[in-house]
Amino acid sequence: MLLLELNILTLNIWGIPYVSSDRGPRIDAICKELASGKYDIVSLQEVWTQQDSERLQKGTEAVLPHTHYFHSGVMGAGLLVLSKYPILGTLFHAWSVNGYFHRIQHADWFGGKGVGLCRILVNGQMVHLYNAHLHAEYDNANDEYKTHRVIQAFDTAQFIEATRGNSVLQILAGDLNAQPQDISYKVLLYTSKMLDSCASDTFRTNECEHNSYTSPRARARNPQGIRIDHIFVRGGDQVVAEIAEYKLPFPNRVPGEKFSFSDHEAVLAKLRLSRPTVSEARTISETPAVATIEVNCQVEDEETCAVRELGAGDAQAEHDQEEGTTPEVLCNGSSTSVVSMPAARTAALHEALALCDASLLQLNTDRILYYSAATFLFVLLVLLVEFTAPVGMRTIFLLLKFIVFGVILFCVFMASIWNYMERNGVLQGKKSMEVMLHHAQKYEYFY
């Protein structure tokens, strides 16, 4: 029995004040596109100003009258949800680690990032929409935020599991700054038991060749672009979630202009929710939940892809696993083997824990370095105080003393308060992963 159909869209609008090019005209164009009535629920990221948030809400209120903006940190979380259906409740969970305050050029810390939940009533059914924007990756070769992103991913998965309640559908739609091969993507997908609505590796959502804001350097590094904007779904108990369509719905350029809507591409997933028959429901209830999917990919000119999640068919997957055979993913008529969900989750958690251990060691090293620097600078400050400044240089020497004193305070703060804050954030994520890893195999039904 069909319960509902939903068109879900996610887009990082690239709304950084004084930095993002053509911000005003682009937001107007985004409003016009969203006001077309094609979308039921819209999840937006990088809406960094209250003015832009109000502009988007007002420009789409005729078709998306229910809205919520998540406030957090210094700049706001940048997360905005627009909905055709009533939003009955909201909740925001800030992540325990989120970059560094002194990396002003990156600014993720000032955004107070986290995951936002909107409880949306759709035709009498409760749907949970989760909007998230994980920490950006600024240097692939030396990614100092990798552990932060992994912990954010695990935190998000646990938040979804803890809050899904009686909802018939959970949707995570946002800029996850993670490609399918990345550890943060694997941790989030495998520990949440959600399904990626994209079943094809041909789609790209950032640094795309056709996007007007893709730099020559990014084009040279990734000629086809990368896929970091995602829509993950999971049906509730006794509910089958089907991805009927997946595509990038916006045109390459704003109509009549030479620029794109954003430096990211918009992503659309058309979802269908249905209840299984009595026999299917009985099979599902008697079978431990094993995340197995059957994928039917059709990449056409307009870039669409259809996916079907198995419900009652999980029983066969469980049987195959017991017999020692490997579950299969079917794509374009061909069969390729995939790793079972418990094994993939275990491997991802082991890799994530190794990252946490490396970060904790680095934090210990950083603490020693900062204290050493503070000690050296303190000795230098004492010498400066005792040294009599030459005539005409007193102002410069006084300024130099203040600078050295300020750097000493910064080093002591980074070695003590900030170091312990980050250490505790990493430790909390590590301990939570260890709990899941320790109990998941024995209590697989509850995971």
Side-chain angles (χ1 to χ4, degrees), residues 1-10 39-43 81 83-85 117-132 156-157 159-174 176 185 188-200 229-247 267-285 287-298 304-318 327 329-331 338 341 447:
M1 179 183 69
L2 184 66
L3 292 178
L4 54 90
E5 288 186 346
L6 285 173
N7 287 326
I8 309 297
L9 181 131
T10 183
Y39 315 107
D40 298 315
I41 300 175
V42 176
S43 179
V81 175
S83 173
K84 180 188 293 185
Y85 303 98
L117 160 64
C118 285
R119 302 178 67 246
I120 304 173
L121 187 64
V122 182
N123 299 334
Q125 306 291 334
M126 188 60 68
V127 173
H128 283 187
L129 186 284
Y130 298 88
N131 190 351
T156 300
F159 181 73
I160 293 172
E161 176 64 26
T163 58
R164 67 189 188 101
N166 62 346
S167 61
V168 297
L169 179 65
Q170 300 96 51
I171 307 164
L172 173 62
L176 304 183
Y185 172 96
L188 178 47
L189 195 67
Y190 298 154
T191 60
S192 67
K193 283 192 173 179
M194 301 188 88
L195 177 71
D196 189 342
S197 58
C198 179
S200 170
D229 303 88
H230 303 280
I231 299 177
F232 293 170
V233 299
R234 179 182 177 181
D237 298 335
Q238 305 299 322
V239 172
V240 175
E242 176 187 354
I243 297 95
E245 185 180 26
Y246 177 96
K247 65 179 181 179
V267 175
L268 170 71
K270 183 176 183 180
L271 311 179
R272 291 195 186 114
L273 237 65
S274 59
R275 291 199 184 277
T277 63
V278 175
S279 59
E280 290 175 337
R282 187 180 300 112
T283 304
I284 293 174
S285 64
T287 305
V290 178
T292 306
I293 59 171
E294 178 182 315
V295 182
N296 297 312
C297 300
Q298 294 180 342
T304 62
C305 190
V307 184
R308 184 171 68 81
E309 180 181 5
L310 292 180
D314 287 345
Q316 182 61 41
E318 178 73 8
V329 173
L330 306 177
C331 190
V338 296
M341 176 62 75
Y447 285 94

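Computed from a predicted model, the values in this text were never measured in an experiment.
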Supply the atom-to-atom distance [X] [atom1] to [Y] [atom2], rounded to the nearest 0.5 angstrom.
X	Y	atom1	atom2	answer
L273	E5	CG	CD	10.0 Å
I41	Y85	CD1	OH	8.0 Å
I171	C118	CD1	SG	11.0 Å
Y246	C198	OH	SG	4.0 Å
S167	R234	OG	CZ	9.0 Å

Checking the side chain of [X] only, and the main-chain atoms of [Y] only, is there a donor and an acceptor separated by less than 3.5 Å?
X	Y	answer
R164	Q170	no
S43	A173	yes
N7	K270	no

Next on the checklist: Would you call the rings of H128 and Y130 parallel, tilted or perpendicular, taking 30° and 60° as the class edges?
Outcome noted: perpendicular
With a 4.5 Å cut-off on side-chain heavy atoms, are [Y] and [X] touching?
X	Y	answer
I243	L271	yes
L172	M194	yes
M126	L121	yes
Y185	L176	no

Checklist entry - Between V239 and L169, does a side chain to side chain contact (heavy atoms under 4.5 Å, CB included) hold up when you go through it step by step? => result CA-CA 8 Å; V239 172; L169 179 65; over 6 Å; no
Give me the atom names and distance for the closest heavy-atom approach of [X] to [Y].
X	Y	result
I231	I8	CD1-O, 3.6 Å
L4	V122	CD2-O, 3.9 Å
G174	N131	CA-OD1, 4.4 Å
I120	S83	CG2-OG, 3.6 Å
S274	L2	CB-CA, 4.0 Å
H230	T10	O-CG2, 4.0 Å

Checklist entry - Under the side chain to side chain contact (heavy atoms under 4.5 Å, CB included) criterion, do F232 and I160 qualify, and how do the steps go? => result CA-CA 11 Å; F232 293 170; I160 293 172; over 6 Å; no
